[in-house]
Amino acid sequence: MDGILSSLTDVQRQAVQHVDGPLLVLAGPGSGKTRVITHRVAHLLAQGVPDEQIVALTFTNKSAEEMCRRLEHLAPGRRVWVGTFHRFCARLLRQHAPLVGLRENFTIYDADDSRRMVRESIADANITLTHESPARIAAAIGWAKSDLVTAEAYRAESCNPLAALVERVYPRYCKRMLAANAVDFDDLLLYVELLLRDNPELRHLLDQRFRYIMVDEYQDTNLAQYTIVRALSIDYPNLAVTGDPDQSIYGWRGATIRNILDFEHDFPDVRVVRLEQNFRSTGRILRVADQLIANNRQRKEKALFTDNTLGHPVRVVVYPTGRQEAEAVAARIADDVAAGRRRPGDFAIFYRANSLSRSLERALKSVRLPYQIVRGLEFYQRKEIKDVLAYLQLANNPVNDVAFLRVVNTPPRHIGKKSIACLTRHARHEGLSLLDAARGGHRIDGLSARAAAAFARFAALVDQLGSVPHESVEEILGNVLHATDYCDWLEAAETEEDQQRLENIGELLTDAREFDETHFQDGGLEAFLEQTSLVADVDGWESETDRVTMMTLHAAKGLEFPVVFIVAVEQDMLPHKRSVDDPDRLEEERRLLFVGITRAREELHISATQQRTVGGHIVYSGASAFLLELPRDDIVVAGQLVRENADGSGEHSQDLDLDLDLDLEDQFAPDDGSFGDLEEFGWQTPARRRAGKRAGKRAGKRAGKRAAARKPLRTGLVTTAAELAGDVPSATACSPELFHQNMVVTHPEYGLGKIISIGGAGTKRTATVQFVGVAGPKQFCLAFSPLRPARG
DNA sequence: TATTCGCAAGTTTTT
DNA sequence: CTTGCGAATA
């Protein structure tokens, strides 16, 4: 035990040695948080706490594994429960499923399955969507669940069209899910909460059993998660949470930063320990991170410091295009690797959105650098994998209608849309599951004898799958592939794509075999299925292999790399355009960048472009406002950032040093010459564009004029600003969010009008406009209409 | 009923 | 640019 404690700092030791009562560890990035948690577990064990009384909850399987690994070192052979919140809840729910109306073999639906279910429920409610999407309704339902609002309790506030839809769809969705014996991710939490709320004796029992609970990344908990750990810490309030408000990046998923900000309030006798010493990054990197995050209001002040060397300045580079950015990053890495300074595995590239990985991937390929993209989920979302898993799900849970519909005609069994519609109608009418209805298909009106026979054969097939003795998942899976002819079907096709599919299925078989070796005894097929639905992207990351890692900023949390590149730090990308208008969400975007920055140990490169292709369209990007918040003394800038005051007043342009770093000139100037032109571009920050958008007439008009006067722009940048301000009519549509009720607008054909009603979001946002001298109101889909705000 | 083609729509982050 | 969906065709 002495050995364990001696490797810790004083503050860390305080947290580790805390045994009873609530504990809050405010841990800055790189402050040894995981170390503290694992050591504390080891300490508890050393104090005589039985293994089964300790539970450590994490957000990703990845960090759970890491924790297990370290724990195995500190306390070999002990069996402490470490895992994700969702897995923990899934386990509890399996044990007590009947209490909430489920059976213990319930299926966990992924986002895709649950969206299908929402779609059906929308149909149930006789709703035809006009300007909302099933996805948005699904998200709203999820949001309600994270806030512990059940279907029965849900009431739409008046004047909220989305909520009005949710109020009708949510109960139907719930009913359908129960009938299919299925839960979605949010249900896992919600049901456990209800379980604890409605069964006091059970709650007490579990409270007693899980006597020492630890929650990592506490800043990312939502109300449901908070309530669950709270309910398990009443009789034995030994709840230890660790987190950093500055790293809260899941607000969009219902996480509330208040859970950590108010922890001291909720648990009055809490012991608070602050870990502020950073052991990871250079002084400069830490300072850059610290300065950036100082711009946030919602936080607990922290005094981050480090004894590490100052290190290199952070490089901020602006490239003309996304392609050049990707090539430059790849070239830089290739250079370091070729010179023997670094290994590929030292590098990580982070981006805001998955779609940005493509150009990087291509660039790394062309310089022959080994890489891995952390996007593990994708594997389980492939059609062939989902198909095969659907058979397994159906074998395990025969009332799973979504799985039934997925595979009833895959591979093709001469069962068409009409027959399925007929079956569905009958099943609903009789209150049967689709599989049960299929079994007695011959008695259904309007169903051809041929189709009825096909259904019966399918039902028999599924029954056979379910009756195979549960020797191993691999065997069960093998049986599925054989009995359904799935592989034969793919082989027959012989296209390149189908070859790949066969390989993927092979990979799934390997997965199953590995599972059998390690976990089969913990629950067999059901446990395997649970694992496949509860994996996340980060989980696919292999730290051991020597490859360049690419991932989203979200996935990067908790990891560290010697050299980090953060690309596409542009306005509307980071901060993302869906977040810029909401101060809270804007702060979250800033935290996201903070998380990215603090992953870097030795070197950090931040880049942006002037022009990038997103979704097939070229957009002229502007510098992220965040770039201008970085401390000048700790960064080196290549490219020019021109800034104007957000209110559009005065031309206060702050030109950052055009400090071209030599490497960069070497890389680009000779090749394409484009780098030398960069200065001319008069790169524009979004401050101006937004000034134009918001204050429409005043600031916008001036911004437009001024921008036009600053001439050497050859991109469409100025035009864009002017258009947004309403100066130049054009075929391109304005941002739909720009319009609001009662706004006066112009249309090239109809002229001046007024918005009399408006609703929806994104491309679905529609407005009804009454034009002057035009009979009857007109409807517009704002994303594509030539409608724009009127001047003056 | 199966397959193929064309068009439209949606593009943030994840358990 | 991708994926998904619907219609037209074999």
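Naming: A, B, ... by sequence-line order, numbering from 1 per chain.
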The side chain of [X] is closest to which nucleotide in this list: [options]?
| X | options | value |
| --- | --- | --- |
| A:Lys418 | B:dT12, B:dT15, B:dT1 | B:dT1 |
| A:Arg119 | B:dT15, B:dT1, C:dC5 | C:dC5 |
| A:Arg450 | B:dT15, C:dC5, B:dT1 | B:dT1 |
| A:Arg585 | B:dT12, B:dT14, B:dT15 | B:dT12 |
| A:Ala353 | B:dA2, B:dT14, B:dT13 | B:dT13 |
| A:Arg578 | B:dT15, B:dT13, B:dT12 | B:dT12 |

Are OP1 or OP2 of [N] and a side-chain N or O of [X] less than 4.0 angstrom apart?
| X | N | value |
| --- | --- | --- |
| A:Ser355 | C:dT2 | no |
| A:Ser419 | B:dT1 | yes |
| A:Asn222 | B:dT15 | no |
| A:Asn354 | B:dT13 | yes |

Legend entry - Gap in Å between the two P atoms, one belonging to B:dT13 and one to C:dG4, rounded: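 Result for the P pair: 16 Å, nearest Å.
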
Legend entry - DNA chain B: 5'-proximal contact among A:Thr84 and A:Glu589 (nearest heavy atom):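 Result: A:Glu589.
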
Legend entry - Residue closer to the 5' end of DNA chain B, A:Arg352 versus A:Ser448 (nearest nucleotide):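 Residue closer to the 5' terminus by nearest nucleotide: A:Ser448.
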
Taking [atom1] from [X] and [atom2] from [N], how many angstroms apart are they, rounded to a whole number?
| X | N | atom1 | atom2 | result |
| --- | --- | --- | --- | --- |
| A:Asp572 | B:dT12 | CG | C1' | 13 Å |
| A:Glu588 | B:dT14 | CD | P | 12 Å |
| A:Ile249 | B:dT15 | CD1 | C1' | 13 Å |
| A:Trp143 | B:dT13 | CH2 | P | 17 Å |
| A:Asp184 | B:dT15 | CG | P | 15 Å |
| A:Arg116 | C:dG4 | CZ | C1' | 10 Å |
| A:Leu405 | C:dC5 | CG | C1' | 16 Å |
| A:Asp112 | C:dC5 | CG | C1' | 14 Å |

Legend entry - Centroid-centroid distance, A:Phe106 to A:Tyr191, less than 6.0 Å: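 Between A:Tyr191 and A:Phe106, which both carry aromatic rings, the centre distance is not below 6.0 Å.
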
Would you classify [X] as touching base, sugar-phosphate or nothing, given that sugar-phosphate means primed atoms plus P, OP1 and OP2, and contacts are heavy atoms under 4.0 Å?
| X | result |
| --- | --- |
| A:Leu188 | nothing |
| A:His86 | base |
| A:Phe85 | nothing |
| A:Asp110 | nothing |

Exercise: do [X] and [Y] side chains pair donor with acceptor under 3.5 Å:
| X | Y | result |
| --- | --- | --- |
| A:Tyr173 | A:Asp124 | no |
| A:Glu325 | A:Ser607 | yes |
| A:Ser579 | A:Glu589 | yes |

Inset, instruction - Report the residue (A:Lys417 or A:Arg358) whose heavy-atom-nearest nucleotide on DNA chain C is the more 5′ of the two. - result: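 Closer to the 5' end of DNA chain C: A:Arg358.
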
Legend entry - Side-chain touch A:Gln225/A:Leu57, heavy atoms, less than 4.5 angstrom: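 Side-chain contact under 4.5 Å: no.
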
Legend entry - Atom CZ of A:Arg323 with >12 non-hydrogen neighbours under 6.0 angstrom: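 Open.
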
Legend entry - A:Lys386 and A:Asp113 ion-paired at < 4.0 Å: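 Salt bridge between A:Lys386 and A:Asp113, a charged N being under 4.0 Å from a carboxylate O: yes.
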
Legend entry - Face-to-face contact A:His576 to B:dT12 six-ring, under 5.5 Å, under 30°: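 Taking the rule of under 5.5 Å and under 30°, the ring of A:His576 does stack on B:dT12.
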
Legend entry - Near-parallel close stack of A:Trp252 and B:dT13 base (under 5.5 Å, under 30°):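 Stack criterion met.
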
